[in-house]
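Structure, as structure tokens:
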Protein chains: 2
Amino acid sequence: MRPPGTLHERVATQVRLRIRDGVYPVGAALPSESEMCAEFGVSRGPVRQAMAALRAEGLVTITQGRPATVRGRTPARGIATFTPFTRWVESTGRVAGNRTVEVARRRSPGAESVVEVVRVRLLDGVPAMLERSTFTEPVGTLVLGFDTDSGSITDFLIGAGVRFATIEHQLDAVAADPADAGHLGIEPGAPLLRERRVSRDEHGVAFEYADDRYRPDLVTFTLTSSG
Amino acid sequence: MRPPGTLHERVATQVRLRIRDGVYPVGAALPSESEMCAEFGVSRGPVRQAMAALRAEGLVTITQGRPATVRGRTPARGIATFTPFTRWVESTGRVAGNRTVEVARRRSPGAESVVEVVRVRLLDGVPAMLERSTFTEPVGTLVLGFDTDSGSITDFLIGAGVRFATIEHQLDAVAADPADAGHLGIEPGAPLLRERRVSRDEHGVAFEYADDRYRPDLVTFTLTSSG
DNA sequence: AAGTGGTCTAGACCACGCC
DNA sequence: GCGTGGTCTAGACCACTTG
């Protein structure tokens, strides 16, 4: 086997590259499923799985009875396809930064000790999001050994072997409290977009609880769904 | 054939009902795929498609090598799997209501005429969301012939043959203006979760622009992503 | 070792869009 | 009518988790 990964991943990767490079221009029809089957030497199952992934990323439009067409070249800012803040900012060609407010190990009476990190996340140098994360052990100890000003905690943990099997996101809106306002440079009471996240490992055990508050004038979440 | 719909839809509906009614309690293991195949008399394909839908709705957790388990009873307010407000409310066993504030046909100078609808959406009788929708023609004329107090505009339009090929969602937070506050029974300046939607047909032509403002104490958006 | 879900094949029929 | 994607079957092998 030449390339790594499953068949449907290889097909998805190839088609993604061709869309990005303009081999399949925006608005153009993609090859039919049977043509892709012939080209990649696979059956319809992997091809369909790959196309479903591209549709979820907003890259293609699929309609019964007609060829799939290219919708755009760049995937939408995925909440659905989870991307850490730093990686997302850099993928849009901007500069990400971090200002750590607090790193602490805490133990509540009768509870396990946890590690708390509070950071201001910067977008081109401007405070755009206030992140409050709580890590359980043993992940918390890993975080204590990381320079939290240097970049993505998530990417660091992935590199250390931590598996983010599922991430639950909950979105709502809150009024900025005085602490939020001070760190983000806005008025107290101003509306903020709040994303609460719970990250779990492959056993379903939660190891990170996060409360991220975004300035809605600087960051919005977008996604495309197909009906 | 007794029940309507495709096989994977029937399987998904049955499992959804059993989770909602506690036949499969939260945290419990679901029957294996092969058991479901035997019970419903179908092959693995439809069963897997049904389970993938339930996972996307946040109802179940699926891990390789272990049985799927029940995560929760109520599906998340689906952004990823687009569900109209009325259908979502009723799927959680609550009562949806509508109070139409305004239905109007407008024409700006040098522009096509559009139809605007402003509605308060009720959750168990409580104002939970203020919806401002703008429809282009010819869809707008269809909307004018619909009793907007009676239920879902989206489901009405789908029944009339309108195709919602893709829906783009943009989420942020805004402060309630005096009109928002009055309709939703909150203080001006209170934070609201705003969802702006653009619906397009199969040709990529937009026909609906919506601005929905949710009370964050009554409705939040959740979704689960896998890393 | 046994059972689970993840992937893949090769075939079939159906619903829909287009000519 | 023809080609498209949507669904479904029956079987197979693999990766993973658990006893």
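No hydrogens, no waters, no symmetry mates; every other heavy atom, side chains included, goes into these values. Letters go in sequence order (proteins before strands), and every chain restarts at 1.
Using a 4.0 Å cut-off between a side-chain N of Lys or Arg and a carboxylate O of Asp or Glu, B:Asp149 and B:Arg99 do not qualify as a salt bridge. No salt bridge links B:Glu9 with B:Arg16; every basic N to acidic carboxylate O contact stays at or beyond 4.0 Å. Between A:Asp172 and A:Arg194 there is a salt bridge, since at least one side-chain N of the basic residue sits less than 4.0 Å from a carboxylate O of the acidic one.
As a whole-Å value, the separation of A:Glu9 CD from C:dG6 P is 13 Å. B:Arg48 places its CZ atom 11 Å from the P atom of C:dC8, with the value rounded to the nearest Å. The CZ-C1' distance, from A:Arg10 to C:dC8, rounds to 12 Å in whole Å. The distance between atom CE of A:Met36 and atom P of D:dT4, rounded to the nearest whole Å, is 11 Å. As a whole-Å value, the separation of A:Gln49 CD from D:dT7 P is 14 Å. Per the geometry, CG belonging to B:Leu7 stands 14 Å off P belonging to C:dC14, to the nearest Å. Distance CD (A:Glu35) to P (D:dG5): 8 Å, rounded to an integer number of Å. Distance B:Phe40 CZ to D:dC8 C1': 16 Å, rounded to the nearest Å.
Qualifying salt bridge (charged side-chain N to carboxylate O under 4.0 Å, His left out) partners for B:Arg44, counting only residues two or more places apart in sequence or in other chains: B:Glu33.
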Between B:Tyr214 and B:Phe221, does the ring pair (Phe, Tyr, Trp, His ring centres under 6.0 Å) criterion hold? Intermediate values first, please. CA-CA 10 Å; B:Tyr214 291 84; B:Phe221 288 179; 5.0 Å; yes

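A side-chain donor from one of B:Arg121 and B:Thr86 sits under 3.5 Å from a side-chain acceptor of the other.
The side chain of A:Ser34 lies closest to D:dT4, out of D:dT9, D:dT7, D:dT4.
In this structure, B:Ser32 reaches the C:dT4 phosphate: one of its side-chain N or O atoms is under 4.0 Å from OP1 or OP2.
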Nucleotide N/O of nucleotides 12-16 of chain D paired with protein N/O under 3.5 Å:
unit_1	atom_1	unit_2	atom_2	d
D:dA12	N6	B:Arg44	NH1	3.2
D:dC16	O4'	B:Gln64	OE1	2.9

